[in-house]
Amino acid sequence: MTVAPEGPTRQVPKFLELEITGKCQLTCPTLCYAKAGPTESHGSMTADDWKRLISEAAEIGVKKVQFIGGEPTMHPDFEALVHRALARGLAVQIYSNLYRVKLEHWALFERPKVSLATSYYSDMAEEHERVTGRKGSHGATRANIVQAVKRGIPLQVGIVEVFEGQRTAQARQELLALGVPTVNTDRVRSVGRGEVHVPSTKDLCGRCADGRAAVMTDGTVTPCVLGRFLDTGNAKNDGLGAVFAGKRWADTAAGIPRRTASAGCTPDDSSDCDPANTEACDPAYD
C-alpha cells in the first residue's frame, strides 16, 4: 500500500539505497554487512513491489537511487528496475562487485544518469581474495574497473581495511593510476559478518538518515545499508512517504550521533561508512 505524506516532505531523503537481493557470487567471510552469498535469496519484495517503490520515491522527492545487494545484477529484474528508475527521472548508481559483467549491462551502465560503484581491497590478488572469499575475483574486478574507465562510465571505488597489513594505500594508488576518479577508504564496521560487538549508532559514520536511507529486501526502511539494525518502518506495507513522515523515522534520525565539519565531513571525505558513496558527505544530498 502506498501512502503519501500529507505534510511537508523535509524528512524525505534525496538518496535512497535499494538492497534488491542478498545473492552474491562472493562471500566476504569477515566483512559483508548484508551477509550476502551464493545461497541467499532475493527477499520478499517482488519486482512489482520494487517498481511501485521506485515510482513513489520519485513522487515524494528522492533524486537518486542506488541498486545494491548482494550483487544487484543477479536479480532477475535488475534491468527492468533500472529502466523504471531512469524513466521516473531518477539518477541511478549501481553498486556491483564487478566480478561478472554481461555485455548488455555495459550498455546499461553507459546510459545517461547512470554511474557505477565497486569495492577493491588490495593491489595483490591474494589479499583481495582473502577478503572476498573467491579465487579469481581480483583479476575479474580489476579488469572490469579498467573497462569502466575506458568506457567513460562514472565510477567510484571503496577500499575497506579488513586486516592488519593490508595493502590499502597501494590499492588506492593503483586505482588512481588506472584513472578511477574517486577512491574512498574505510574501516570494517561492526555489522553483519564484520560484527565484533552488538551494532550501535556509534558504529555509523554519523550521516545515516541525513539525506539518505535504505530499503532492505523485505521492504524494511533503515537509515542506510550499514544501519540495517535500525528499523524505521516498512515501505512494502505502509509506503515510503508514510515511513519518512512517521515518528520512528524522525526519532531514529535524531538519535544518530552527527559528525560535524570539524570531524572532517567534507565532499572529498575519504572515510565514510559506505566507502563507495560520496553522497553521504555531499552537500547536494543534505
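What's counted below: heavy atoms across the whole structure, side chains too, no hydrogens, waters or symmetry copies.
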[X]: partners by side chain to side chain donor-acceptor pair (under 3.5 Å), with sequence neighbours left out:
X: R130; result: none
X: E129; result: none
X: S44; result: none
X: Y121; result: none

Would you give the length of the straight line joining atom [atom1] of [X] to atom [atom2] of [Y], rounded to the nearest 0.5 angstrom?
X: L90; Y: L16; atom1: CG; atom2: CG; answer: 9.0 Å
X: T168; Y: Q173; atom1: OG1; atom2: CD; answer: 10.5 Å
X: E40; Y: E71; atom1: CD; atom2: CD; answer: 14.5 Å
X: R228; Y: E17; atom1: CZ; atom2: CD; answer: 10.0 Å
X: T21; Y: F67; atom1: OG1; atom2: CZ; answer: 13.0 Å
X: S137; Y: N97; atom1: OG; atom2: CG; answer: 8.5 Å

With a 4.5 Å limit on heavy-atom distance, are the side chains of [X] and [Y] in contact?
X: V221; Y: F244; answer: yes
X: R100; Y: N144; answer: no
X: T182; Y: N184; answer: yes
X: P72; Y: I94; answer: yes
X: I68; Y: E19; answer: yes
X: H138; Y: Y120; answer: yes

Backbone N/O of [Y] and side chain of [X]: donor-acceptor pair under 3.5 Å:
X: E127; Y: S122; value: no
X: T27; Y: G37; value: no
X: K64; Y: V92; value: no
X: K113; Y: G89; value: yes

Search all heavy atoms of [X] against all heavy atoms of [Y] and return the closest pair with its distance.
X: C208; Y: I256; value: O-CD1, 3.5 Å
X: G70; Y: C24; value: CA-CB, 4.1 Å
X: G61; Y: V12; value: C-CG1, 4.4 Å
X: L240; Y: A235; value: CD2-CB, 3.9 Å
X: V62; Y: P13; value: CG2-O, 3.3 Å
X: L230; Y: P223; value: O-CD, 3.4 Å

Could you pull out all residues at least two apart from [X] that satisfy salt bridge (Lys or Arg N to Asp or Glu O under 4.0 Å)?
X: D231; answer: R248
X: D48; answer: none
X: R84; answer: none
X: K247; answer: D251

Using the test ring pair (Phe, Tyr, Trp, His ring centres under 6.0 Å), find all partners of F109 that sit at least two apart in sequence or belong to another chain. W106
Considering residues at least two apart in sequence or located in another chain, which fulfil the side chain to side chain contact (heavy atoms under 4.5 Å, CB included) criterion with A250? Q11
Using the rule given for side-chain contact (heavy atoms from CB on, under 4.5 Å), can you reason through K102 versus T73, listing the C-alpha separation, both sets of side-chain angles and the distance that settles it, and then say yes or no? CA-CA 9 Å; K102 296 179 181 178; T73 62; over 6 Å; no
Determine whether I145 and T141 satisfy the following criterion, side-chain contact (heavy atoms from CB on, under 4.5 Å), listing intermediate values before the conclusion. CA-CA 6 Å; I145 287 172; T141 295; 4.0 Å; yes
Solution key, residues 75-83 side-chain donor-acceptor pairs under 3.5 Å, sequence neighbours excluded:
residue, atom, partner, partner atom, Å
H75, ND1, D77, N, 2.9
E79, OE2, H105, NE2, 2.8
H83, ND1, R111, NH1, 3.3

Answer yes if the side chains of Q170 and D123 hold a donor-acceptor pair under 3.5 Å, and no otherwise. no
Determine, using the 4.5 Å side-chain heavy-atom cutoff (strictly less than), whether [X] and [Y] are members of one ILVMFWY cluster.
X: V180; Y: V101; result: yes
X: M74; Y: V215; result: no
X: M124; Y: V160; result: no

Test side-chain contact (heavy atoms from CB on, under 4.5 Å) on E110 and I153; report intermediate values, then the result. CA-CA 6 Å; E110 291 177 314; I153 298 168; 3.9 Å; yes
Which ILVMFWY residues are connected to V146, directly or by a chain of links, through side-chain heavy atoms under 4.5 Å apart? L178
